[in-house]
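Because only heavy atoms are used, hydrogens play no part in the values below, and waters and symmetry mates are left out as well, while side chains stay in. Here is the naming used below: chain letters follow the sequence lines, and residue numbers restart at 1 for every chain.
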Amino acid sequence: MGLNLYNSLTRRKEEFKPLKEGRVGIYVCGPTVYGHAHLGHAKSYVSFDVLVRYLRYLRYSVTYVQNITDVGHLTDDADEGEDKVVEAAKKEKKHPAALAEYYTRSYFEDMDKLNCVRPDISPRASGHITEQIELVKTLQEKGYAYEVNGSVYFDVSKFKDYGKLSGRSVEEMKAGARVEVSPDKRAPVDFALWKKAEPNHIMQWPSPWGMGYPGWHLECSVMSMKYLGKTIDIHGGGLENQFPHHECEIAQSEAANGVQFVRYWLHNNMVTVDGQKMGKSLNNFITLKQAFSGAHERLTKSYDPLAVRQLILNSHYRSPLDFSDAALFAAYSGYKKITETVMAVRKRMAQAAKGKTGSKAAKGKTDSKATKGEIDGKMVEELKRLREKFEAAMNDDLNTSIALSVIFELVRLANKLLEEGNATAETLNAIDVLFDRLGGEVLGIVKDEYPQAGGADDEMIDKLVKFWVEQRSEARKRGDFKLADATRAELDEIGIVLEDKPDETEWRRK
RNA sequence: GGCGGCGUGGCCAAGUGGUCUAAGGCGACGGUUUGCAAAACCGUUAUUCGGCGGUUCGAAUCCGCCCGCCGCCUCCA
């Protein structure tokens with residue numbers, strides 16, 4: 001079975017077949033950079049990150065384009081409000097371009113922490129004004145757009161398929177319309193392609209219709225076309241953008257090009273907080289920086305960014321995710337368990353490797369078989385089963401919840417093996433490879449390398465802790481458990497956890 | 001008002017006609033281990049899937065009604 005994806009356009013799961021064999025072009029609606037990214041952004045971009053990663057795992061050559069909206073996104077869609085970036089810039093007393101740059105960097109910083117692979121191309125809307133003007137001209141020439149008072153609107157009545165993605169008819173939209181209609185429009189459903197700018201508007205560009213700026217929907221049509229062609233394989237975005245944003249994109253692109261715009265439309269569901277949608281305008285959002293630092297009243301602690309990632313992967317991308325500190329904490333605990341298991345496997349691998357060269361590790365528990373270089377046949381079967389289960393889950397519209405459960409099966413398998421203490425280096429290696437490929441390459445929650453001694457990069461801390469651990473070991477040898485326990489408690493308060501293993505005492509940060 | 005979705009154990013969450021007396025994680029409890037812990041492992045923790053009816057040999061899964069919640073229709077990932 002190949003990869004199946006739920007296509008919002010057809011409202012069912014379909015087998016994924018790219019336009020060109022072996023190659024995939026994917027466009028995802030990026031952020032409007034007028035504030036720090038929040039948990040909602042994380043769900044969306046982690047979801048599509050996993051899609052991109054999995055496509056690459058399946059050996060597709062993927063071109064991943066994700067725009068940065070730094071102009072044109074109005075505060076409301078009655079075509080009246082102010083540009084979001086401009087508005088925020090005023091508040092922060094910065095040039096809009098500086099503000100956009102600041103939050104763009106902030107965005108990438110957060111996404112890097114979430115271990116999202118960078119898009120191949122991150123085009124800025126402001127860098128594609130020329131192309132946007134060209135598209136408007138084309139639409140005008142083809143009779144799909146009309147100009148009124150220096151603004152240009154898309155004539156929805158000329159585009160028969162309008163509503164095919166969101167499943168609503170123009171009649172329905174008229175009936176349910178709550179938007180105040182601009183008097184310039186011929187019909188309420190028409191939307192702006194180009195907006196006339198008032199003289200004091202900071203962001204504006206010359207055009208055949210005078211000074212102005214592009215409508216929000218235009219940039220995605222233009223940039224996807226420029227970098228991926230007239231028909232793209234996959235377009236992703238948040239569910240709330242299905243209408244009107246994506247519907248308008250389809251209208252613009254297909255009216256201009258006369259060919260299908262997107263073959264597979266993918267939409268991720270929303271993040272809610274206490275059952276309420278988290279949105280910037282609702283002011284109930286938690287930014288990623290807050291989640292990572294714990295600086296938010298709803299959070300009880302700071303969280304490893306990958307715990308956030310794990311929380312997101314724990315549920316399906318098309319299901320809503322109701323955020324709570326308890327849920328994040330649970331994800332964090334699970335993430336920690338995976339991490340510690342991977343580290344333990346790698347440590348034992350290193351010991352087994354030493355064993356081969358004849359050091360003392362080979363004589364102990366590490367096993368007589370360690371030098372034989374064989375993998376238990378049963379183990380091979382088991383690992384194969386896990387990989388197949390993982391792939392089947394991912395093939396079924398990216399069921400990361402089940403995919404994660406496979407990682408946990410692997411965790412249990414690995415720990416049992418470590419406990420029995422008779423694993424061959426080859427078996428350990430096979431397990432590590434699976435952790436790397438499934439947990440690392442695809443899910444992005446297993447790292448290639450972890451800092452030594454549980455997270456302390458600082459050499460001095462490392463030495464200090466080792467000193468106390470040695471002092472405590474001496475005390476234990478003497479039978480002075482009172483002192484040993486006091487030392488352990490003291491270190492625990494600082495945030496250092498000690499674990500007495502059979503041959504040594506290990507430590508890690510809480 | 002129009003359109004769409006959801007309701008699964010203490011919490012998060014997968015499953016969408018039979019393998020489900022329902023995966024996985026977190027938590028809790030008991031055990032192994034430990035000087036004691038921690039970590040790990042083993043075991044227990046939903047005869048039941050919002051409620052009531054119906055279809056079916058068979059339903060968490062399909063249909064109807066009711067209750068509760070959410071999203072879109074206005075900016076939002």
Side-chain angles (χ1 to χ4, degrees), chain A residues 11 28-32 34-35 37-48 73-78 80-81 84 163 166-169 171-180 216 236-245 267-272 275-282 285 310-311 314-316 318-324 326-338 340-341 344 389 393 396 399-409 411-412 414-416 418-420 476 479-482 484-485 488-489 492 497-502 505-508:
Chain A
R11 287 179 245 314
V28 173
C29 285
T32 300
Y34 66 111
H38 52 63
L39 291 167
H41 293 102
K43 175 160 166 87
S44 185
Y45 300 125
V46 165
S47 299
F48 292 114
H73 205 158
L74 303 179
T75 49
D76 72 56
D77 205 36
E80 292 300 324
K84 288 189 160 196
S166 51
R168 49 188 103 206
S169 67
E171 283 66 36
E172 277 168 14
M173 286 182 246
K174 279 181 197 159
R178 290 187 299 164
V179 196
E180 274 191 53
W216 172 41
L239 193 61
E240 84 287 357
N241 278 335
Q242 191 172 31
F243 188 88
H245 185 52
H267 290 99
N268 67 275
N269 217 315
M270 309 284 92
V271 173
T272 56
Q276 284 286 304
K277 181 187 168 182
M278 189 175 72
K280 287 193 177 168
S281 50
L282 293 172
F285 60 92
Q310 170 131 349
L311 174 67
N314 186 234
S315 65
H316 192 91
R318 283 193 292 112
S319 302
L321 170 63
D322 191 31
F323 177 85
S324 67
L328 180 54
F329 191 87
Y332 157 75
S333 299
Y335 169 69
K336 205 166 62 173
K337 182 168 182 167
I338 294 170
E340 275 163 20
T341 304
K389 185 175 172 187
D396 183 17
N399 194 328
T400 52
S401 188
I402 290 179
L404 247 191
S405 80
V406 173
I407 301 299
F408 280 109
E409 281 189 61
V411 163
R412 209 176 320 124
N415 278 324
K416 249 190 258 185
L418 291 175
E419 194 158 273
E420 286 163 12
R476 288 178 70 213
D480 187 351
F481 295 118
K482 209 174 166 187
D485 290 352
R488 183 171 59 193
D492 184 81
V497 181
L498 300 190
E499 293 177 9
D500 296 327
K501 302 286 156 129
T505 297
E506 290 178 3
W507 71 273
R508 61 182 167 82

Checklist entry - Which one, B/C41, B/C12, B/A38, comes nearest to the side chain of A/Asn415? => result B/C41

Checklist entry - Nearest nucleotide by nearest heavy atom, which residue falls closer to the 5' end of RNA chain B, A/Ala331 or A/Ala327? => result A/Ala327

Item to check | Check: A/Arg318 and A/Leu239 side chains under 4.5 Å, non-hydrogen atoms | outcome: no

Next on the checklist: Tell me whether the side-chain N or O atoms of A/Asp322 pair up with the base of B/C70 as donor and acceptor below 3.5 Å, since no angle test is needed here.
Outcome noted: no

Item to check | Rounded interatomic separation in angstrom, taking CD from A/Gln310 and C1' from B/G25 | outcome: 8 Å

Checklist entry - To the nearest Å, how far apart are A/Trp216 CH2 and B/U74 P? => result 12 Å

Item to check | Rounded interatomic separation in angstrom, taking CD1 from A/Ile338 and C1' from B/A39 | outcome: 16 Å

Checklist outcome for this item: Looking only at B/A77, B/G35, B/A23, the nucleotide nearest the A/Ser405 side chain is B/A23

Checklist entry - If you measure from the P atom in B/G43 to the same atom in B/G25, how many Å do you get, rounded? => result 12 Å

Checklist entry - Taking atom P in both B/G31 and B/A38, what distance in whole Å separates the two? => result 13 Å

Checklist entry - What's the NZ-P distance between A/Lys501 and B/A39, to the nearest Å? => result 10 Å

Checklist entry - Quick one: does A/Asn399 reach the base of B/G15 with a side-chain donor-acceptor pair under 3.5 Å? => result no

Next on the checklist: Determine whether A/Glu506 and A/Arg508 satisfy the following criterion, salt bridge (Lys or Arg N to Asp or Glu O under 4.0 Å), listing intermediate values before the conclusion.
Outcome noted: CA-CA 7 Å; A/Glu506 290 178 3; A/Arg508 61 182 167 82; over 6 Å; no

Checklist entry - Between B/A38, B/G35, B/A77, which nucleotide has the shortest distance from any of its atoms to the side chain of A/His38? => result B/A77

Item to check | Matching residue for A/Val271 among A/His41, A/His38, A/Lys43, A/Lys277 - test: side chain to side chain contact (heavy atoms under 4.5 Å, CB included) | outcome: A/Lys43

Checklist entry - Can you tell me the Watson-Crick or wobble partner of B/U33, both distances under 3.5 angstrom? => result none

Checklist entry - Considering Watson-Crick and G-U wobble pairs with both distances under 3.5 Å, what does B/G68 pair with? => result B/C6

Next on the checklist: For a quick check, tell me whether the side chain of A/Ser401 and the base of B/A23 share a donor-acceptor pair closer than 3.5 Å.
Outcome noted: yes

Checklist entry - Given B/A37, B/G25, B/A23, which nucleotide is nearest the side-chain atoms of A/Lys389? => result B/A23

Next on the checklist: To check you understand the geometry: which heavy-atom pair defines the closest contact between A/Ala403 and A/Ala393, and what is its length?
Outcome noted: N-CB, 4.0 Å

Item to check | Rounded interatomic separation in angstrom, taking CG from A/Asn268 and P from B/A77 | outcome: 11 Å

Checklist entry - Taking C-beta and beyond as the side chain, do A/Phe329 and A/Ser324 meet within less than 4.5 Å on heavy atoms? => result no

Checklist outcome for this item: Closest non-hydrogen contact found for A/Ser405 with A/Lys389 is OG-NZ, 4.4 Å

Checklist outcome for this item: By the Watson-Crick or G-U definition, both distances under 3.5 Å, B/U56 is matched with none

Item to check | Nearest-angstrom distance, C1' atom, B/U16 to B/A22 | outcome: 12 Å

Checklist entry - Counting side-chain heavy atoms from CB outward, which of B/C26, B/C36, B/A77 is closest to A/Asp485? => result B/C36

Item to check | P atoms of B/G24 and B/G15, separation to the nearest Å | outcome: 15 Å

Next on the checklist: Let's test this: given Watson-Crick or G-U wobble pairing with both distances under 3.5 Å, identify the partner of B/A46.
Outcome noted: none

Item to check | Nucleotide forming a Watson-Crick or wobble pair with B/G24, both distances under 3.5 Å | outcome: B/C12

Checklist outcome for this item: When rounded to whole Å, the CZ to C1' distance for the pair A/Arg11 and B/U16 reads 19 Å

Checklist entry - Between A/Phe481 and B/G35, do the rings stack, that is, sit under 5.5 Å apart with planes less than 30° off each other? => result yes

Item to check | Student check: side-chain heavy atoms of A/Tyr332 and A/Leu311 closer than 4.5 Å | outcome: no

Next on the checklist: On RNA chain B, compare the nucleotides closest to A/Val406 and A/Leu321; which residue's is nearer the 5' end?
Outcome noted: A/Leu321

Which atoms of nucleotides 42-45 of chain B (N or O only) lie under 3.5 Å from a protein N or O atom, and what are those distances?
| residue | atom | partner | partner atom | Å |
| --- | --- | --- | --- | --- |
| B/C42 | OP1 | A/Lys416 | NZ | 3.2 |

Checklist entry - B/G27 P sits how many Å from A/Leu328 CG, rounded? => result 13 Å

Item to check | Nearest listed nucleotide, side chain of A/Ser315, among B/A13, B/A38, B/A40 | outcome: B/A13

Checklist entry - Using the C1' atom in both, what is the distance from B/U34 to B/C49, to the nearest Å? => result 41 Å

Checklist entry - Given A/Asn269 and A/Ser319, is the side-chain hydrogen bond (donor to acceptor under 3.5 Å, both in side chains) satisfied, shown in steps? => result CA-CA 5 Å; A/Asn269 217 315; A/Ser319 302; over 6 Å; no

Next on the checklist: Would you measure the distance from the P atom in B/C52 across to the matching atom in B/C42 and give it in whole Å?
Outcome noted: 38 Å

Checklist entry - Which whole number of Å gives the distance between the P atom of B/A23 and that of B/U45? => result 11 Å

Checklist entry - Say you draw a straight line from CG of A/Asn268 to NE2 of A/His316; how long is it, rounded to the nearest 0.5 Å? => result 10.0 Å

Checklist entry - Is the phosphate of B/A77, meaning OP1 or OP2, less than 4.0 Å from a side-chain N or O of A/Thr32? => result yes

Next on the checklist: Side chain of A/Arg476 only, heavy atoms from C-beta on: which candidate in B/C73, B/G35, B/A23 is closest?
Outcome noted: B/G35

Checklist entry - A/Asn314 side chain: which of B/A40, B/A13, B/G35 is closest? => result B/A13

Item to check | Selection from B/A77, B/G35, B/A40 that lies nearest to any side-chain heavy atom of A/Glu240 | outcome: B/A77

Checklist entry - How far, in whole Å, is B/A46 from B/G9 if one measures between their C1' atoms? => result 5 Å

Next on the checklist: Taking 4.0 Å as the cut-off, does a side-chain nitrogen or oxygen of A/Lys277 come that near to OP1 or OP2 on B/C69?
Outcome noted: no

Next on the checklist: Rounding to an integer number of Å, can you tell me how far A/Met270 CE sits from B/C72 P?
Outcome noted: 8 Å

Checklist outcome for this item: Minimal heavy-atom distance between A/Thr341 and A/Lys337, with the atoms involved, is OG1-O, 2.8 Å

Item to check | Rounded distance (nearest 0.5 Å) linking atom OG of A/Ser166 with atom NE2 of A/His267 | outcome: 9.5 Å

